[in-house]
Amino acid sequence: MSRYDPAQIEPKWQKAWDEAGCFTAWRDPARPKYYVLEMFPYPSGRIHIGHVRNYTMGDVVARYKSSCGYSVLHPMGWDAFGMPAENAAMERGGHPKDWTYGNIAQMRDQMKPLGLSIDWSREFATCDPEYYGQQQSMFIDFMEKGLVYRKNAVVNWDPVDMTVLANEQVIDGKGWRSGAEVERRELTQWFFRISDFSGELLDAIDGLKDWPEKVRLMQANWIGKSRGLQFAFSTVDAPEGFDRLEVYTTRPDTLMGASFAAISPDHPLAKHLERHDKKIAEFVAECRRIGTSEEALEKAEKKGLDTGIRVRHPFDEAWELPVYIANFILMDYGTGAIFGCPAHDQRDFDFATKYGLPIPPVFVAEGAEEAALTEAYVPMKSERVRYVRGFAGDDVQTGEAAVDAAIAFCEGKGVGRGVTNYRLRDWGVSRQRYWGCPIPVVHCETCGVVAEKKENLPVELPYDVSFDQPGNPLDRHPTWRDCACPKCGAPAKRETDTMDTFVDSSWYFARFTAPHAKTPTVAEDAEYWMNVDQYIGGIEHAILHLLYSRFFARAMHICGHLPKKAIEPFNALFTQGMVTHEIYQTRDANGRPVYHLPEHVYRLNLYGEDVAVLRPDNFDAMTDEEAVEFASDPANRIEIIPSAKMSKSKKNVVDPMDIIARYGADTARWFVMSDSPPERDVEWTAAGAEAAQKHLNRVWTLCDRIAALPEGKPGTGDEDLARAMHRAVNDVTQMIEGFAFNKAIAKLYEFANAVQKSDASKQVQRQAIMVLAQLMSPMTPHLAEDIWAHQGGEGLIAQAPWPKADPAMLVDDTVTLPIQINGKRRAEISVPKDMAASEVEKIVLADEAVIRALNGGAPKKLIVVPGRIVNVVI
RNA sequence: GCCCGAGUGGCGGAAUGGUAGACGCAGCGGAUUCAAAAUCCGCCGCCGCAAGGCGUGCGAGUUCGAGUCUCGCCUCGGGCACCA
């Protein structure tokens, strides 16, 4: 009798696949292609269970499609630039490059034992000069096509560390290391013109049929198309050059409810005023301390300052409105100036209340009378309301109709024009950091901003940098910065900004089609492999990464790097849920949170209370009683924060390597695919691994037992087992196609139970176990190969064609119909599948439970849903 | 604050508007064993001896029939443009 020993069989079959070249992708004109891609990982150093879940899902699809006869491309790479490498260098010394490549090597070593069907010959990291050099080349192409430009933009500035901070590094308005109040500072930065594509990116969402509806909605909302009126107020008492104030509104129908005008602290008028007015300067400075994130701005207390300037209402010269500077107005949206209508906007209402401004209603609910408001009245735009201060359209109309009428009216009067606006802003790609793709540009005193010559690419990052001072090491590098102007040859300075890491991840999927080419892509490879047929990744990337990639694909097409068909690069998208874990927290002397890894925490249930303590050094030497006693002391307790997305910064990560070492990869794979639906978050618990292991053992034992049956052994129930087999093939296939892996696994449990209980002939049992192995092979490929070989299967299961269900074996002759009385199930009957409804009715009315319920009377109604259910209404 | 999503037994979860709880975990009972592990068989939403009643976050509604559809809430999670 053989034993299931993953430690022995897993390396064996991985070697067999390698030797057979099972996973090397090649252009095969004879077969349809299938490109399956999981979002590539950031090389943090260790894979976590979320990676295992993500890559196993992709692997199931890749292996399944390969069995179905497709020529499959399933590559892997590394999203390798970014802040953590620099943070590590600052905290622990060392170099970001060494840290990153060291991490990649470790993670590759951790991933390989999973037995993923990856074409490792295509692997690359975005920090490879071979990759980012091509990215620089495309940056230059984008410059030539006018897709790139420079403008001023604000960043978070830490005045103590003298460095730019990411939003993540700003905590409650303070720098994460220095604790200093963060300021906003303007820098000249590089931008991609994604907003030129707003309309197209929005319209094309309709074509993304195989994307989750919620992602399409989120993208549409992010792009944020709005129709409104842009017009200018004429100003009173404004400085020279500011005799007009342009505002944009999506509710021009509320113009008669205007109560004030407000401008962003970054508005040119505000900037002008702060130079001459101390109070304004102080207020604007206060606004700038809020930070740059939209979340911070929206959550901050709404404040404003009256500038003393007035504007004239466009319909009434005598009607003047005060102009405030307000901290919640975004310079990037519309014109950076608004008029406030407090009656119909809660934020404006709060503002008007705070500063004692009038709140005139423009419309009231249909049938209601005008009355003083205690909160803003904001009905749906599609709702009909009665206008009491309307000026265009009907008295009673929907908001939509009123907006259209108001725009038409204003255009007719020469007050502004209807415009379509988008919320989407241009993509700022400049980062004042070392560990990123250098922007391949040179600043020359005579020629200005000049693109580097392509033959000089890649502009490689210098290795000799130090992280002992804050700020960008490229800025203070002694020689790297100095260069010759590509145009005139005079001494010039390199751009020291590097690119946002989102740029790196916006085209890697295209690069995988020709990963080592001397151009960004190769036409025939892109033509054959694009698009990605199935993209799989976290829901947290639903907006930015996917939107940037959609833009990038268009830009690459414009520059001739992708075919037209690839401008929407991902045919189907699946967003997997996240693996969550609870968080363990203590606080340092300054009250700032400190997080702890689960492996350093002893977690137990103490008299019904969930308790966590940090494991003391001598924890392993403690007896259970001592450990409980230690945990009982409230002084040792640490805080448990409810389960959240696993993140390195919160340290709530678990190590899948332990599971692989202990149970083998197939168990880990089986486990992460079972139970939770793949699109849903799953909280990590260790309990299920044992169960998965047990089941795989059971399947192996079953295989062994069947192999040991005497040849030609007759049996009973051949037909039943054959039917169960065809049913399993049909169901599991459907469920894999539909990304319902947890349900596929439930079916596989059922089928395994059926095989185990069967006393069919050896021939049928053998067929059943081999089909079971095939159906399991996408999830547990090693075990499946071993069963296949044990039963004398031909070749590798990885290369065997996917089994097909015989439709004739799927139909049952009789069905069980539940009988409901007034919608509650009361009985059931078994009838031939095709029995006429009238026949069914007769049987139902003769049923004992029905007769009892009717109590001699006749039913009000009798509903027969053929093949499903019967409902008797009394 | 704004946008998006999710809530079903002790737990993870099944359920084209049609038998709520498939499948698994945990638990309970039994077989095997000197004993244990492993394995196998059975039970397993709640209340109730039973008949029966109640049950899908809360409150309404549509329907012969609602976990599923509509409206209003509550709670939790994701994103918010420099985290990746």
Syn or anti for B:G13 (syn when the glycosidic angle lies within 90° of 0): anti
Sugar-phosphate only, base, or nothing, as touched by A:K694 at under 4.0 Å among non-hydrogen atoms: sugar-phosphate
Touch class at under 4.0 angstrom, heavy-atom based, for A:S674 against every strand present: nothing
Separation of B:C23 P from A:K757 NZ (nearest whole Å): 10 Å
Protein-nucleotide distance (A:N221, atom CG; B:C80, atom P), rounded to Å: 15 Å
Sugar-phosphate only, base, or nothing, as touched by A:K214 at under 4.0 Å among non-hydrogen atoms: sugar-phosphate
Electrostatic pair A:D847-A:R826, nearest N-O below 4.0 angstrom: no
With A:W427, the ring-ring contact (aromatic ring centres under 6.0 Å, His included) member among A:F191, A:Y548, A:F197: A:Y548
Sugar-phosphate, base or nothing in reach of A:A542, heavy atoms under 4.0 Å: nothing
Any N/O donor-acceptor pair, A:Q189 side-chain to B:C82 base, under 3.5 Å: yes
Touch class at under 4.0 angstrom, heavy-atom based, for A:V865 against every strand present: base
Between A:D158 and A:S178, a side-chain donor and acceptor under 3.5 Å: yes
Minimum-distance nucleotide (side-chain atoms of A:F502 versus B:A84, B:G1, B:G24): B:A84
Rounded distance (Å) that lies between atom P of B:C40 and atom CG of A:D759: 17 Å
Sugar-phosphate, base or nothing in reach of A:N871, heavy atoms under 4.0 Å: base
Sidechain-backbone polar pair: A:K299 side chain, A:L297 backbone, donor-acceptor under 3.5 Å: no
Sugar-phosphate only, base, or nothing, as touched by A:G538 at under 4.0 Å among non-hydrogen atoms: nothing
Nucleotide nearest A:T501 when distance is taken to its side chain, options B:A84, B:G18, B:C41: B:A84
A:L546 CG to B:C4 P, straight-line distance once rounded to whole Å: 17 Å
Cation-aromatic face contact A:R423/A:W222, 6.0 Å, 45 degrees: yes
Touch class at under 4.0 angstrom, heavy-atom based, for A:H541 against every strand present: base
Sugar-phosphate, base or nothing in reach of A:R347, heavy atoms under 4.0 Å: nothing
Centroid-centroid under 6.0 Å between A:F40 and A:Y508 rings: yes
Sugar-phosphate only, base, or nothing, as touched by A:E301 at under 4.0 Å among non-hydrogen atoms: nothing
Under 4.0 angstrom between A:Q219 side-chain N/O and B:C3 OP1 or OP2: no
Under 4.0 angstrom between A:R184 side-chain N/O and B:C82 OP1 or OP2: no
Residue that, paired with A:H695, satisfies ring-ring contact (aromatic ring centres under 6.0 Å, His included) out of A:W670, A:Y4, A:Y663: A:W670
Sugar-phosphate only, base, or nothing, as touched by A:L862 at under 4.0 Å among non-hydrogen atoms: nothing
Watson-Crick and G-U pairing of RNA chain B written in dot-bracket, each distance under 3.5 angstrom, with | for inter-strand partners: (((((((..(((.....[....))).(((((.......))))).(((....)))..(((((..]....))))))))))))....
Sorted by number, the residues of residues 734-746 of chain A with heavy-atom contact under 4.0 Å to RNA chain B: A:N742, A:K743, A:A746
Shortest side-chain distance from A:R868, nucleotide among B:U16, B:A84, B:G1: B:U16
Sugar-phosphate only, base, or nothing, as touched by A:Q432 at under 4.0 Å among non-hydrogen atoms: base
Steps toward side chain to side chain donor-acceptor pair (under 3.5 Å) verdict (A:W190, A:E495): CA-CA 10 Å; A:W190 290 92; A:E495 171 68 59; 3.0 Å; yes
Nucleotide B:C80, atom P - distance to CG of A:L297 in whole Å: 14 Å
Near-ring test A:F751/A:Y749, centroid separation under 6.0 angstrom: no
Aromatic ring proximity A:Y132/A:F81, centre distance under 6.0 Å: yes
Side-chain donor/acceptor contact of A:E295 with base of B:C80 under 3.5 Å: yes
Pair A:W507-A:Y131, side-chain donor/acceptor within less than 3.5 Å: yes
Sugar-phosphate only, base, or nothing, as touched by A:S430 at under 4.0 Å among non-hydrogen atoms: base
Out of B:G13, B:C83, B:C4, whichever nucleotide has its closest atom nearest the side chain of A:A166: B:C83
Interatomic distance where CD1 belongs to A:I863 and P belongs to B:C64 [whole Å]: 7 Å
Atom-pair distance (CD1 on A:I543; P on B:C2), nearest Å: 16 Å
B:G24 OP1/OP2 closer than 4.0 Å to side-chain N/O of A:N753: yes
Position toward the 5' end of RNA chain B (nearest nucleotide), A:M83 or A:V215: A:V215
A:P43 versus A:M107, closest heavy-atom pair with distance: CA-SD, 3.4 Å
Residue A:R662 excluded, over 12 heavy atoms near CZ under 6.0 Å: no
Sugar-phosphate, base or nothing in reach of A:P41, heavy atoms under 4.0 Å: nothing
side-chain N/O A:N167 vs B:A81 OP1/OP2, d < 4.0 Å: yes
Separation of atom CG in A:L217 from atom P in B:G79, rounded to whole Å: 18 Å
Selected nucleotide, minimal atom distance to A:E750 side chain, candidates B:A20, B:A22, B:G24: B:A22
Below 4.0 Å: OP1/OP2 of B:A6 and any side-chain N or O of A:R680: no
